[in-house]
Amino acid sequence: MSRQKKFILQENELPTQWYNIQADMVNKPLPPLNPATRQPLTAEDLSHIFNEECSKQELDTEHAWIDIPEEVLDKYKYYRSTPLVRAFALEEALNTPAHIYFKNESTNPLGSHKINSAIPQCYYCKREGTTNVTTETGAGQWGAALSYAASVFGLSAAVYQVKISMQQKPYRSSIMRTFGAEVTGSPSMSTRAGKDIITRDPTHPGSLGTAISEAIELATTTPHCKYTLGSVLNHVALHQTIIGLEAEKQMEMAGEYPDKVIACFGGGSNFGGIAFPFMRHNILDGKATEFIAAEPSSCPKLTRGVFQYDFGDEAGYTPLLPMYTLGHDFKPANIHAGGLRYHGAGVIISQLIKDKMMHGVDIPQLETFEAGMLFARTEGIIPAPESCHAIAATIREAQKCKEEGQEKVILFNLSGHGLIDMTAYDNYINGDLRNYTLTDDDIQKSLKDIPHIL
Ligand SMILES: *Cc1c(COP(=O)(O)O)cnc(C)c1O
């Protein structure tokens, strides 16, 4: 029997607009607030650190469709469309009646979905006369994507990488340098913020908080330099909708429509990317697709956090965002899915959870690697530790289908490959990984210091 495994769009079939779900949401997200005045932020406030176009997109609750600039589409064509794949071998291994599809965002040269937003962010910076971009990166996927996109548009990139991650994952710094970026371990002596931290604590291993502080300082003290962010914010999720918009067309080629859409969850950009275009049909056309965001049990903001205004960073420099949060000084366990260790969820997602348009599930670390191993051995792709959470949630749903004898259609996003995370797989195979349980007390402690505005 000949059955189709992959569904691919031709270049001339790529979507030419992103989908802005804010325009269709019944309850709009609450506005971000200036932490000093507690007044809603304007696009102009945001454009002191971000480029102007992304600052506008961030707060746009009017336009459902936003044109993808021609120059961005040209760069998307270097690696898009990405394949929609039917996971026949995984289905067989699970002996499930479910039809499992995945959107493979690991096929681009950088290996994760982050490039989908790095390209437009650098393009808008270039168009607005910016010459330098800066950012922070933890495990390094975002830094790598930004370094590539900066080189494509002739911008200089300065990346602050968490010092300890830089030592643990040296290859991602090598990738960034190959694309011409200047990579600095954070905390560093190159900024006021970094010097202060090192003076207080000479052996500080660095954190996303220290790296964000340094990158924002560089952006605000360097002429023609903008700060960029790889997740959490609305404009990042907007750019990622290219994933779901392609998937919508590809599912049509397969003659199916998803009953369940699943993605892993760090700040929400790959989840929003695959989910929002389908959620549009729940809002507007009465579809009843279920949306599931898979987070680590050790960082459970969606399932155990509170909905409150909180800072985006540890140091408390960013605007206050209304979100499900574990508290901005929450210190997650050092799990291998580095991209999922963020304390809060984006503001769109947080509103959607409040409105019961989607829900989260939390998954223990060992279950995620077990899922990743099965996926590697059936479908032949070694998934990023982050993506393993989506696979584990998919397997749970497929097993439910088996128990209930239901032939549901499940679509998940494979956000990246794990080829630079093989230490994590080695640790799993050697039996050196463990689950981290978080008590209610732990969570209450880190929630103590958030501002109580709502
Ligand atoms: C960064 C990253 C994530 C988490 O970020 P989101 O914004 O939640 O998508 C997930 N998977 C991979 C491979 C990543 O690099």
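All residue numbers in this chain count up from 1 along the given sequence. We use all heavy atoms of the structure for the numbers below, so side chains are in, but hydrogens, waters and symmetry mates are not. Quantities reported herein were computed from a predicted structural model and do not represent experimental measurements.
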Which heavy atom in Arg177 sits nearest to a heavy atom in Val183, and how many Å separate them?
CG-CG2, 4.0 Å
In terms of heavy-atom contacts, Gly416 and Ser106 come closest through C-CB, 3.6 Å
Distance flag, aromatic centroids of Phe330 and His343, threshold under 6.0 Å
no
Determine whether a donor-acceptor pair (N or O, by modelled atom type, separation under 3.5 Å) exists between the side chain of Asn270 and the backbone of Cys264.
yes
Has Ser47 got a side-chain atom pairing as donor or acceptor with Glu44's backbone, closer than 3.5 angstrom?
yes
Can you check salt bridge (charged side-chain N to carboxylate O under 4.0 Å, His left out) on Glu52 and Lys226, steps first, answer last?
CA-CA 10 Å; Glu52 280 171 33; Lys226 292 291 179 192; over 6 Å; no
Do other residues, nucleotides or ligands put more than 12 heavy atoms under 6.0 Å from [X] [atom1]?
X	atom1	value
Arg377	CZ	no
Leu9	CG	yes
Gln17	CD	yes

Pair Ser117-His239, side-chain donor/acceptor within less than 3.5 Å:
yes
Parallel, tilted or perpendicular, judged at 30° and 60°: which one describes the rings of Phe307 and Tyr324?
tilted
How about [X] and [Y]: do any of their side-chain heavy atoms sit closer than 4.5 Å?
X	Y	answer
Ile381	Val85	no
Ile68	Pro120	no
Ile410	Ile262	yes

Inspect the contact between Glu105 and Arg80 and indicate whether a charged nitrogen and a carboxylate oxygen are less than 4.0 angstrom apart.
yes
Below 4.0 angstrom, N of the basic side chain to O of the carboxylate: do Arg127 and Glu71 qualify?
no
side-chain contact (heavy atoms from CB on, under 4.5 Å), that's the test. Do Asn20 and Gln57 meet it? Break it down for me.
CA-CA 9 Å; Asn20 175 22; Gln57 290 172 356; over 6 Å; no
Considering residues at least two apart in sequence or located in another chain, which fulfil the ring-ring contact (aromatic ring centres under 6.0 Å, His included) criterion with Tyr123?
Phe153
Could you check Glu379 against Leu414 for side-chain contact (heavy atoms from CB on, under 4.5 Å), going step by step and ending with a plain yes or no?
CA-CA 12 Å; Glu379 296 296 323; Leu414 183 74; over 6 Å; no
